[in-house]
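Down below is the structure, laid out as structure tokens.
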Amino acid sequence: MISKTDHNDAIEAPSVKAKSKAQFQQPQLLSKANSQLSFHESMILGPDFFQVDALVLAPRLLGKFLRRDEVVLQITEVEAYRPNDTACHGRFGITARTAPVFGPGGHAYVYLCYGLHTMLNVVADKEGVGAAVLIRSCAPIRGLETIQQRRGQNTEKPVLLTGPGKVGQALGISTEWSNHPLFTPGGLEILDGPEPEKILIGPRVGIEYASPEHVSALWRFAVAGCPWIRKPSKTLFFREF
DNA sequence: GTACTGATTGGCT
DNA sequence: GCCAATCAGTACC
């Protein structure tokens, strides 16, 4: 089920595919990018979109839009976390913190990392599975002033949301947003967006504690040729779809 | 109850 | 490249 949400721009179903080859702009061309990536024509993605294996959902989330009020971000880098994955928070089983991970796909899972950073995940797969996709990086599309205020940046600097902590900060979310549905209008939403032309894959970041096969698993996905990706990009390489 | 750690970031050398 | 910040969650006694 897909529903239209944008109250101001109630246009007919957009030709999302037609825009799918839209180029991702350099930071200094942000204003131009805004006019080209017409997120406002996009529709909210329904629960079915999310209720697939995290490895399937992760690359599909690239290019999609995250919206909270006036702030709109475009997803450029993600990581998949799966059941029986020694790097997944679900490995602890259902706890107060991880309960949303085991809920039905399409909800947010937000947790605090290092006591300071709020990390946004999109819960994947069916209820009870325990899978999620971490949103690692985003391109800012709308609400630059709000983002800069939240990040304490001056307006001269480009807004680079190249890391999960920065994404959470730009959206202004806290752990209270954990378990929030992403497929209902209002609050935090995920909207359809253009598919990236090429995708990079590589190993996930910061999970050295996991078992070797999970440390080396290529479950990190990023939009190729896009500046909003956490470095080092050496660990990422092309994957043709 | 206490101890340890982390899906990070930004500043300093 | 190195390291401190900062605290909820988990493990263990």
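First the proteins, then the strands, lettered A, B, ... as listed; each starts at 1.
Atom CZ in R82(A) sits about 17 Å away from atom C1' in dA7(B), given to the nearest Å. Look at CZ on R230(A): it is 6 Å from P on dT9(B), rounded to the nearest Å. Atom P of nucleotide dT5(B) and atom OH of Y111(A) are separated by 17 Å, given to the nearest angstrom. To the nearest angstrom, C1' of dT8(B) lies 15 Å from CD1 of I207(A). Taking atom NZ of residue K166(A) and atom P of nucleotide dT8(B), one finds them 12 Å apart after rounding to whole Å. When rounded to the nearest whole Å, the span between CD1 of I94(A) and C1' of dT10(C) equals 16 Å. Atom CD in E208(A) sits roughly 15 Å away from atom P in dT5(B) (whole-Å rounding). A straight line from CG of L134(A) to P of dG6(B) spans 16 Å, rounded to a whole angstrom.
Between dG10(B) and R151(A), a contact under 4.0 Å exists linking OP1 or OP2 to a side-chain N or O. Distances shorter than 4.0 Å separate some side-chain N or O of Y209(A) from OP1 or OP2 on dA7(B). Under 4.0 angstrom from either OP1 or OP2 of dT8(B) there lies at least one side-chain N or O belonging to R136(A). The phosphate of dG9(C) (OP1 or OP2) has no side-chain N or O of H89(A) nearer than 4.0 angstrom.
Counting non-hydrogen atoms under 4.0 angstrom, R91(A) reaches nothing in the nucleic acid. Using a 4.0 Å heavy-atom criterion, one finds that T95(A) contacts the sugar-phosphate atoms exclusively. Residue contacts for R204(A): at a heavy-atom cut-off of 4.0 Å it reaches no nucleic acid atom on any strand shown.
Q169(A) and R150(A) are not linked by any side-chain donor-acceptor pair at a separation below 3.5 angstrom, with hydrogens and angles left out of the test. Counting only N and O atoms by type, the side chains of H89(A) and T98(A) include no donor and acceptor under 3.5 Å apart.
Using a cut-off of 4.0 Å between Lys/Arg side-chain N and Asp/Glu carboxylate O, D53(A) and K126(A) are scored as not salt-bridged.
For Y114(A), counting side-chain heavy atoms from C-beta on, the closest listed nucleotide (dT9(B), dT8(B), dT10(C)) is dT8(B). The side chain of M119(A) lies closest to dT8(B), out of dC7(C), dT10(C), dT8(B). Of the candidates dA7(B), dA8(C), dG9(C), dG9(C) carries the atom nearest the R97(A) side chain, counting heavy atoms from C-beta on. Closest contact between the side chain of L116(A) and the listed nucleotides dT10(C), dG6(B), dT8(B) involves dT8(B).
Take the nearest nucleotide of DNA chain B for Q169(A) and for V205(A): the residue whose nucleotide is more 5' is V205(A).
Using a distance-only test at 3.5 Å, with no hydrogens or angles considered, a donor-acceptor pair links the side chain of T118(A) to the main chain of I173(A). Side chain of E195(A) to main chain of G63(A): no donor-acceptor pair is present (N/O by atom type, distance under 3.5 Å, no hydrogens or angles). Side chain of E77(A) to main chain of R230(A): a donor-acceptor pair is present (N/O by atom type, distance under 3.5 Å, no hydrogens or angles).
In this structure, dT6(C) makes no Watson-Crick or G-U wobble pair, since no nucleotide meets both defining distances under 3.5 angstrom.
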